[in-house]
Engineer: 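Sharing a structure, written as structure tokens. Questions coming.
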Amino acid sequence: MDNGEPALPAKDIKEVLDNEIKEWHFRRFIPTILDFYSFDDRSLEDIYFLTQDPKARQAALNLRDAVLHLRKEGAFVAVPLYRVNYGPMGPHPAGSYEIWCPAESFASVFSYLALNRGDLSILVHPLTRDERADHETRRAWLGPSFPIYLDALPVRSAEIPVQYTSLILIHAYLVLELGYSSPNPGLTIEERKRAGATIEDILHGEPEAAPAPAD
């Protein structure tokens with residue numbers, strides 16, 4: 001922005017839905033030896049910011065607030081952890097916070113973060129038993145990458161790190177035309193807001209889930 005402040009991420013649900021990315025290209029560079037993995041149906045986005053930079057810190061918090069607001073509005077299901085790390089923690093080398101989302105909302109959340117991250121770096125990785133591989137060979141970045149301290153992560157956990165089991169989402173996709181060519185109008189904004197209110201009620205009992213702002 002002209003005044004030197006970080007640009008605010010979009011928070012108007014109609015604007016967000018109108019601009020949502022509905023088609024993607026994933027370009028795969030084939031290595032000499034192909035490894036095949038079994039992926040879980042949940043993912044995390046870790047948003048990084050330099051704690052010494054007040055503008056970056058504020059931009060990260062603005063983005064978190066916008067995600068919470070849009071979850072409440074029913075734009076998507078995304079659950080930021082209640083805690084914001086204002087310094088290195090675990091494998092993460094800078095200030096950070098996590099956002100959990102289920103497979104059903106991945107495209108919408110990824111679209112929103114891709115369009116609204118500003119100068120922030122975002123680590124995207126699946127949630128499986130293979131926590132080190134999730135952060136090393138299965139990850140993707142929006143923005144410049146940060147070095148990850150992999151020794152802080154177990155090679156393989158006994159169980160998949162399940163979160164927010166109170167959320168039970170049922171989705172039925174009955175059309176073949178997908179992406180921008182889909183004739184499916186989807187939920188109305190009012191239907192999304194009612195769904196968002198239901199999600200907030202469910203997450204009220206989850207102590208690790210950050211609550212949406214009152215507005």
Engineer: May I ask you to check whether D46 and S96 show a side-chain donor-acceptor distance below 3.5 Å?
Structural biologist: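 No pair is found: no donor N or O on one side chain lies under 3.5 Å from an acceptor on the other.
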Engineer: Linking I/L/V/M/F/W/Y whenever any side-chain heavy atoms sit under 4.5 Å apart, do L123 and L50 land together?
Structural biologist: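 In one cluster: yes.
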Engineer: Decide yes or no on side-chain contact (heavy atoms from CB on, under 4.5 Å) for R139 and D134, but give the supporting numbers first.
Structural biologist: CA-CA 6 Å; R139 70 190 183 193; D134 290 346; over 6 Å; no
Engineer: Before you tell me yes or no, could you show the steps for L115 and E20 under side-chain contact (heavy atoms from CB on, under 4.5 Å), namely the whole-Å CA-CA distance, both residues' side-chain angles and the distance that decides it to 0.1 Å?
Structural biologist: CA-CA 8 Å; L115 294 173; E20 182 176 290; over 6 Å; no
Engineer: Pairs under 3.5 angstrom only: tabulate donor-acceptor contacts from the side chains of residues 149-159 to other protein residues two or more places apart or in another chain.
Structural biologist:
unit_1: R156; atom_1: NH1; unit_2: D130; atom_2: OD1; d: 2.6
unit_1: R156; atom_1: NH1; unit_2: D130; atom_2: OD2; d: 3.4
unit_1: S157; atom_1: OG; unit_2: E131; atom_2: OE2; d: 2.4

Engineer: Would L63 end up clustered with V16 when hydrophobic side chains under 4.5 Å apart are linked, directly or stepwise?
Structural biologist: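 Yes, one cluster joins them.
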Engineer: Rounded to the nearest 0.5 Å, how far apart are CG of L203 and OH of Y82?
Structural biologist: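 If we round to the nearest 0.5 Å, L203:CG and Y82:OH are 15.0 Å apart.
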Engineer: Can you measure from CG (N19) to NZ (K14) and round to the nearest 0.5 angstrom?
Structural biologist: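 If we round to the nearest 0.5 Å, N19:CG and K14:NZ are 9.5 Å apart.
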Engineer: Could you check E191 against R194 for side-chain contact (heavy atoms from CB on, under 4.5 Å), going step by step and ending with a plain yes or no?
Structural biologist: CA-CA 5 Å; E191 288 171 334; R194 288 195 294 271; 3.3 Å; yes
Engineer: For R57, check side-chain contact (heavy atoms from CB on, under 4.5 Å) against everything at least two apart and list the hits.
Structural biologist: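 Residues passing side-chain contact (heavy atoms from CB on, under 4.5 Å) with R57: F49, P54, L61, Y86.
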Engineer: Please check if the number of heavy atoms outside D119 that lie under 6.0 Å from its CG is greater than 12.
Structural biologist: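 No.
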Engineer: Do the side chain of N116 and the main chain of A10 share a donor and acceptor less than 3.5 angstrom apart?
Structural biologist: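 Yes, because the side chain of N116 sits within donor-acceptor range (under 3.5 Å) of the backbone of A10.
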Engineer: Determine, step by step, whether E208 and R83 satisfy the side-chain contact (heavy atoms from CB on, under 4.5 Å) criterion, reporting the C-alpha distance in whole Å, the side-chain angles of both residues, the deciding distance to 0.1 Å, and the verdict.
Structural biologist: CA-CA 8 Å; E208 292 194 345; R83 182 182 65 241; over 6 Å; no
Engineer: Is there a path from Y97 to L68 through hydrophobic residues (I, L, V, M, F, W, Y) whose side chains come within less than 4.5 Å of each other?
Structural biologist: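 As far as the 4.5 Å side-chain criterion goes, L68 and Y97 are not connected within one cluster.
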Engineer: Give the intermediate values and the outcome of side chain to side chain donor-acceptor pair (under 3.5 Å) for residues T137 and R132.
Structural biologist: CA-CA 8 Å; T137 59; R132 190 171 298 183; over 6 Å; no
